[in-house]
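Naming: A, B, ... by sequence-line order, numbering from 1 per chain.
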Amino acid sequence: MALLEVRDLSVVFQRRGEEPFIAVDGVSFDVEPGQTVGLVGESGCGKSVTSLAIMGLLPKRGAKITGTVKYDGTDLLKLSDREMRDRRGRDLGMVFQDPLSSLNPVVPIGLQVSEVLERHRGMPRKEAMIEAKDLLDKVGIPDPNRRLKEYPHQLSGGMRQRALIAIALACRPKLLIADEPTTALDVTIQAQILSLMKELVQDLGTALVMITHDLGVVAGLCDEVNVLYGGKVVEKAMRHKLFAEPRHPYTHGLLASIPRLDAEPGEKLTPIKGSVADNIPWSQGCAFAPRCPNALDVCVQVTPAEEDQLGRLLRCHNPVVPGTPAAEEVPV
Amino acid sequence: MKVHFPIKRGVFIDRTVGYVYAVDGVDLEIKRGETYGLVGESGCGKSTLGRAMLRLNEPTAGKMVFDGQDFSTLKGEELRKMRRRIQMVFQDPLSSLDPRQSVESILVEGLRAHGLDKGKESTSKRLRELLSAVGLPASALRKYPHEFSGGQRQRIGIARALALEPDLIVADEPVSALDVSVQAQVVNLMEELQEQFGLTYLVIAHDLAVVKHISDRVGVMYLGGLVEEATAEDLYAEPLHPYTRALLSAIPVPDPVVEDRRERILLAGDLPSPANPPTGCRFHTRCPWRQASRCDTERPALRELKPGHKVACHWAEQIQSGEIQPHEVKPILVEENDGLSPDVPLVGPASVTEALNP
Amino acid sequence: MSAVALGVSKKEKIDDLAETAGVSLAASAWKRLKRSPVFLTGAVIIGIFILISLLSPWLAPHNPSDPMLIDQVIKARNEIPPAQPGHPLGGDLQGRDFLSRLLIGSQQTLIVGIGATVIGLTGGLILGTLAGAIGGWVDSAVMRIVDVMLSLPSLLLAFSIAAMFARPSQFTVILAVAIVQIPVFARLLRGSMLAQRHSDHVLAATALGVKKGAIVFRHMLPNSLGPVIVQSTLVLATAIIEAAALSFLGLGNPDDRIPEWGQMLGDVQKVFDTHPQLAAYPAICIIIVALGFTLMGETLREALDPKNRR
Amino acid sequence: MLRYTIRRLIQLVGVVLVLSLLLFAWLRVLPGGPVSALLGDRSTPEKAAELTKQLGLDQPIYLQYFKFLGRALTGDFGVSTGVQPGDSALDIFIQRFPATLELSFFAIAIAIVIGVPLGYLAAKRRGSWFDNASVVGSLIGVAVPVFFLAFVLKGLASSALGLPSSGRQDAIDATRVTGFFTLDGMITGEWDATFNALVHLILPSIALATIPFAVIFRITRAAVLDVLDEDFVRTAESKGLTAPVIRRRHVLRNAMLPVVTTIGLQTGALLSGAVLTEKVFGFPGVGEALAIGFERRDYPVLLLLIIMATSVYVVVNLLVDLSYALIDPRIRTR
Amino acid sequence: LSGCAQSQRDSGGGGKEGGTLTFGAAGAPKLFDPFYATDGETFRVARQMYEGLVGFKPGTAEVEPALATKWESSSDAKTWTFTLKEGVKFHDGTAFNAEAVCFNFERWYNQKGAGQSDAVSQYWLDNFGGFKDTPDKPSLYKSCTAKDAKTAVIELAEVNSQFPDVLGFTSFSMSSPEALKKYDADNVQAAGDAFTYPAYANEHPTGTGPFKFSKYDKANNTVELVRNDDYWGTKAKLDKIVFKIIPDETARKQAIKAGDIDGYDLPNAADWAGLKSDGFNVAIRPAFNVFYMGINQKNNPKLADLKVRQALQYAINREQLVKSQLPEGAKVATQFMPDTVAGYNKDLKAVPYDLDKAKSLLAEAGASDLTLKFYWPSEVTRPYMPSPKDLFGAISGDLQKAGIKIDVVTKPWNGGYLTDVDQGIPDLFLLGWTGDNGQPVNWVGTFFGRTDNRFHTGVSAWGKTLADDLAKANAEPDKDKRKSLYEDLNKRIMEEYLPAIPISHSPPALVLKSDIKGVVPSPLTDEKFGSASKG
Ligand SMILES: Nc1ncnc2c1ncn2[C@@H]1O[C@H](COP(=O)(O)OP(=O)(O)OP(=O)(O)O)[C@@H](O)[C@H]1O
Ligand SMILES: Nc1ncnc2c1ncn2[C@@H]1O[C@H](COP(=O)(O)OP(=O)(O)OP(=O)(O)O)[C@@H](O)[C@H]1O
Ligand SMILES: [Mg+2]
Ligand SMILES: [Mg+2]
């Protein structure tokens, strides 16, 4: 049985006097113990909302969550606030995007790490501090003793992210959700953090949900990749398969628009035209249709269903035939 | 070129007690019609250098010769006139557009400043041309920046730069704020425009892949200095500076096959503070090839190792030949704010309370 | 075939764009405000207030300075004219029709509020623009002045300024209240101007070669006005209340032939307990109007706050 | 930090000098003043001229100012002509300052005790009727002229509850030690004196508390709202911390930064309100002296009290800044 | 007034012994040395501790013996022999005798430096002229000799109609010579804007009166006096008097209602009725003042025209004003002195309100289009002018009805009003006078005795005549002749000159709780609490 089973997860934001906004629209995926699952997609496609929904961190008012999120067999969405609090930090850890704003500026790093130990492992403050020191050491923060007493602003960006990872992993959760943990960092630091996470996840046997918009990160890290578009998973496959043969026009287009370091000189980029602003609602067809080079008439009339195609889930009426070069942009 | 930002402190009168060495001795040359790419980690001084070239930051020292004319000594009206020929495209497409002005007035402004709006007819024709060149409908003219998507905004920013028919465009991270799918559109647009108008670009970015894609030549910056300069292909094929090597190896490639095979050079620690840069080679604190001699005492000059390929490393040849092998580096503490950051001045009549209570 | 579908949807999009063209920032803030009941309450109060004050010469049944009921004033027995036909609120200590005074008072009150705000705003704009736009020693000099002025609790500063005038009048009251606001406006404006100065769009304008003056007046100033407008709304309220406080301390306008609410309230302190209505009516008017302005200001502040713009 | 403090204190000296010069010049230029205060309605032009000469008021202003400065350095700020005629202005300040401090303390205490919890609750229930009501209520607090409220309190509360509505203490035998009547009673064991002084503080401090209350309430509410939206609160939630820990350590500790500042600033600004409140309640503090000073044009007293008020205000602001630095590590460690 | 007559000074014998009287004072006493005192609040406190050679009969402006049992003058009225009461001791135990009297006179006469200032020794300067070392300013006082312990002889430089009445002023009370010496009583210093006084004036006032100084609690704004158990006369019944300083008038009223104080002075006329119905004793003093509208003939030539001034007089509805704005017992003034002053002209009748007459007079004078700068004082109430603003409102309203345009100017009493009036800046202004004694020279003499007065009568030809005639009348040694001279002058002032317009005489009042007995309201506000009792 999967460690985490997300089924038909939908999140609808409803603000007074405004149209309801469907941020996540029937997302399903599984995470096996020790597995790394990637959620990729561009800004606003619902990655963060999905992760917050799993963690039960969405605002109580104004967000309607449906579907099931089964962790080890229990549906997290049905748990009471108290029960959920007991699990967060202990069974599920989370690392956020912006390490500076995600740490409390007026509480020393040490306490921010140790409080989660005190809470879930019932350690007294002293002991928790010693453990915290070890944790900081483990995530590669030099001179951890001194850092315990320091405040987030005294640490560099990379160190802050390491501290956040230490917090998330403090209680050795079985599942770690990382929401764009490296987006705010420089490439050289990103490489450090990614390799650290890889290492820790392997050592601890933690399952990891990696949320990112960077296909490169996914390519090097994840076992299975979910590509999100407009709140729905449009393609899901094991990474080798996905990158070797992207079938969904969106995935295909994304890969074609990324400049690659190892590309031949003079190679052209093939962008996807338009932007998410051009989307049509999923209820009326395929949200990607207006930008899709493969779009058919049916695409703007019928919402494509999720289909299983040889270990690959695909939501498309007219998938890309493997091996076709990306379509040229039609000038407007 | 040098740009040092003074750090002011004092009990009575402000004295300059230190400098942020944002750009510290950079020499570079951009040829007409080429695209020069500048990469480096955040805070290494890329933007500062770019701005200094437009005289948006006053350089502390150094000279800037544009088309044979010394741009760095111009003043007042002369400088203003000269500005027409160098334009800038900014990173954040929203904040670089005045939120209170319609696209039309944003575009007309530059024309007006240089007396190029001769008559309604011709101006309006010109605006339409500009918009169509960047792929926006003419109806965009009457709208405001916040009504556009990020990619469209960046197109407006480019149109604004184009309006004055400049020779050189400095683009400071023109695509970093954009989604990948849109990023490619803008990159392509820039390339097209270059062909069409014979532009010269200085493209600043932290994403080496983008820079490599778009540039003819690439300069790699580290902590205020240029460490390597080469053509895009050379740089990728044969990085000479340890930092460039590490940088190249750190960039993820969206191809699991490549990723699985790659060997990473992981740098230890963080970028030191530009207010207190390391002695000697700025990179020596993180360099896996660091040698006991010279590295920490002598600042290496940028030297041409091969035609068109310059590097600032004492041991570049030895590293290339494998004579020197990388070794483990212990990360050293980097003080994020060692009390000299000028960004948040605590001293002065301005008190924290001032910020809180208008 | 795909092109057909695409063409249509793309075209729709563009048309869509054309139709909704030209929603400026102010317009979108206004859209938000229109829905806020708190703002509407404030706006209605202020609307009525302004209407009354404009129409008061016609609304007032009598001349507000005519002691027509003087024979009903008997100080010795502490009697003042009670409510009576033709004088629904009775008369004041000098036998003048109280209702007429209240109505006409609205006009002067509005003048005090607007006068003080406009003067304070103008002074603040000048100082703030100088400091924020020019910077350097001009900035330092201006900010030193502002510092000195801000080193005094505001109302105390107003009192001191009012006491400085050898011949108090409506104008000196306005001036005293206004001067206190100058540093507030100046600092507010300078702060946002400084922020603007380093913003990308100002850099972009500089790079375009736009003249310095044009940058200040077309880019920096308009974009810095948000908090200033909010402050102005709040100052309208403060001015009216402070004018009353000045009168209370005997620093107000001594000529009460044309009344003003603050003055009416401040002048009757001796009879607060015996003729409370003389104080209560102007006080209630002041409270309502000040509340109206404050409600508007606070909601404006929230509407213009970028944090609330999601 | 030390350097910063010194710098601010030097600035204070500058401000005080500039201010004293301005005030001094103003007082000298104004008609009336000491001469007419001393002579009253028996004054004649000659008597006035003679007295002017005698007091040296006919000398150039800058000379008079330097003389004044010289005397001020020895603690002589002149003699009251209206508030407590004949008393030295400094004595008046020294006697009255404790009264105003006592009053301010109680006022600010009331404002904090009500404002902070109310602000927190309103933020927690943002958008609810409770939130809206308390926001509008606090705005009404700002819209009511302080002195009018004081009169209403005096009229209604004092007759309904029998609370004293004037003075600082009844004419009871009380030993004076510190000048703080409530403290004095405790020190000497004269509990009735403490009680008496406390009862006298109730109404004026309520009147004085309204504006700081409104401001503290609104800042608390805004700060808590801001903090609740912060990423680190989400992080704390993601750690599964209990609600009280999150509230205390993560929400309040951050939200209190601006609140503490505001409290400090409001304390400094209380004097404005005290002028009105003390006058209405005949409370013999600095505010009342200022009010009477304005009425009777008691220039020496005004001069000193305004300078003192400024200094206190600036010093309080400085303390606020320093305390801010103490509680905010981002500034402290700089 | 009738109620007061019953409670004569010694009729308080029935009052209860002991207790504390708390009196609400409007201001802090400046000092406690009566000689340097100039203001009512200071006098009120000093009066309880000090006595002079002569005193005033309670409730009147007539003199009666005090520390001197009797006095007689030489035939040239320049040498006065005072017989002193025996067995009197100052609070510090020093004996009161002729030497003490002379010590006091010599002290007054020998003021030096700042002590000679108008602001310091005002009463001496006004009544005795100069000092020993001011030869250019001659003094009325010549010498004092202690003939024996109980006889003091005082020589004057010239005849003066006000002597010995002036000795009844609290200023000329007897202080203990020992205390004066010990506490450096004459050490007055000019310091910047004001004067500083020595320890005697601040902490050690020592007189012979029924109360002694106890303490001045500045922090609580209270002055405390205690009974002098060694008093020579009927000892005070009260143990203590506390003067509680409550500057705000309404606050005083509330304080008496709340029982915080037992009485206060000068209640707002509008409150009299309310206070009475609340059971308080509102003791109305005889009106011993005059309120007038000053006219300045200097600035505006039109005002030099009698017709215009008369028009002003007709235009003001004084009857109405007195009825609506002034307290019970106030009267329209027919001349510049109340009827209790010798020289009051009974035949003068108040000019009636006549708007048409006013207008036609203005037209005759060619002044139909008159604009006048009319001043009123803020921040002040005076017994003759309880609410300047309302009075001004009424008067200026009347004038406007007559077609006169008013340029309203207000200045604070001490913040420019008096200065401007002195300097002749206003055209019209409101002012008045409270008498020091019953001599006419204290009234019209003060107003018009010189040509450079506030009304600038010197501008008109009659100004000099009037001043000369007033001087002549004052120099007339015969009482009755003097009286008729003044009566005649009063008539001429009102009918021929009209330098200003007298408006009213208002009685000031004093409120006391009903259980306070034995306080006699005095036209000179000379109430002594020695006879008072509580409960
Ligand atoms: N609390 C909320 N109320 C209303 N809408 C919300 C809320 N949170 C998120 N959304 C909306 O839901 C959509 C999905 O947001 P989400 O944060 O999941 O995107 P994302 O994929 O994480 O993007 P990014 O890469 O920018 O982080 C967005 O359009 C966002 O505006
Ligand atoms: N106006 C300024 N005053 C003082 N220091 C500055 C100023 N502008 C930039 N700096 C400092 O100079 C250094 C270089 O900044 P710069 O913006 O050029 O970096 P960058 O390479 O563009 O970084 P990024 O990738 O984050 O844009 C930084 O440490 C920055 O803090
Ligand atoms: Mg996200
Ligand atoms: Mg940059």
Side-chain angles (χ1 to χ4, degrees), chain C residues 63-81 91-97 101 159-160 162-173 246-259 263-264 266-276 278-279, chain E residues 248-251 253-254 257 268-277 284 317 319-330 374-381 386-398 400-401 406-413 415-417 419-420 425 506-507:
Chain C
N63 177 351
S65 62
D66 183 6
M68 51 191 2
L69 301 173
I70 188 75
D71 45 345
Q72 295 180 41
V73 177
I74 301 174
K75 279 277 171 65
R77 292 204 300 269
N78 200 17
E79 284 174 10
I80 61 168
D92 73 353
L93 292 171
Q94 292 180 35
R96 300 171 295 200
D97 180 51
R101 289 183 73 74
F159 294 154
S160 311
M164 270 188 210
F165 297 108
R167 190 176 161 180
S169 68
Q170 184 83 293
F171 180 68
T172 63
V173 170
L246 286 177
S247 277
F248 172 73
L249 284 189
L251 300 168
N253 175 17
D255 185 352
D256 68 353
R257 283 177 294 186
I258 305 173
Q263 181 194 39
M264 291 170 75
D267 281 356
V268 293
Q269 45 181 307
K270 291 237 153 56
V271 294
F272 253 107
D273 50 345
T274 49
H275 303 297
L278 292 183
Chain E
D248 184 63
E249 136 95 57
T250 330
K253 182 174 67 185
Q254 271 157 351
K257 285 187 178 169
N268 188 345
D271 294 331
W272 292 7
L275 286 165
K276 267 190 213 159
S277 67
I284 300 170
N317 191 343
E319 203 69 49
Q320 171 80 270
L321 182 91
V322 166
K323 209 175 90 203
S324 69
Q325 297 292 349
L326 292 176
E328 198 181 324
F374 192 174
Y375 266 56
W376 65 272
S378 58
E379 326 301 350
V380 70
T381 56
S387 166
K389 180 167 191 167
D390 292 344
L391 289 167
F392 172 82
I395 295 172
S396 69
D398 284 346
Q400 284 175 66
K401 272 191 205 144
I406 302 289
D407 176 13
V408 182
V409 185
T410 319
K411 296 203 171 182
W413 185 247
Y417 184 79
T419 323
D420 281 8
I425 296 169
S506 313

**Item:** Atom of E:T410, atom of C:P254 and distance for their closest heavy-atom approach
**Value:** OG1-CB, 2.6 Å
**Complete:** side chain to side chain donor-acceptor pair (under 3.5 Å) with C:K75: of E:D271, E:D390, E:N268, only one passes, and it is E:D390
**Message:** Does any backbone or side-chain atom of E:L321 lie under 4.5 Å from a heavy atom of chain C? Answer side chain, backbone, both or neither.
**Reply:** neither
**Message:** Any heavy-atom pair between the side chains of C:D256 and E:K389 that's under 4.5 Å?
**Reply:** yes
**Prompt:** So what's closer than 4.5 Å to chain C heavy atoms on E:S396: side chain, backbone, both or neither?
**Reply:** neither
**Prompt:** What residues form a side-chain contact (heavy atoms from CB on, under 4.5 Å) with C:D255, not counting sequence neighbours?
**Reply:** C:N253, C:R257, E:V408
**Prompt:** Could you give the distance from CD (E:E328) to CD1 (C:I74), rounded to the nearest 0.5 Å?
**Reply:** 11.5 Å
**Complete:** So, the part of E:Q320 with a heavy atom under 4.5 Å from chain C: the answer is side chain
**Message:** Heavy-atom cut-off 4.5 Å, strictly under: side chain, backbone, both or neither for C:L249 against chain E?
**Reply:** backbone
**Request:** Can you sort out the partners of C:D92 under salt bridge (charged side-chain N to carboxylate O under 4.0 Å, His left out), two or more places apart, ordered by chain and number?
**Result:** C:R96, C:R101
**Asked** Can you tell me how far CG of C:L69 sits from OG of E:S324, rounded to the nearest 0.5 angstrom?
**Response** 11.5 Å
**Asked** Would a 4.5 Å heavy-atom cut-off, applied to side chains only, mark E:Q325 and C:I70 as touching?
**Response** yes
**Complete:** Note: vs chain C, highest number of non-hydrogen pairs under 4.5 angstrom among E:W376, E:F392, E:W272 is E:W376
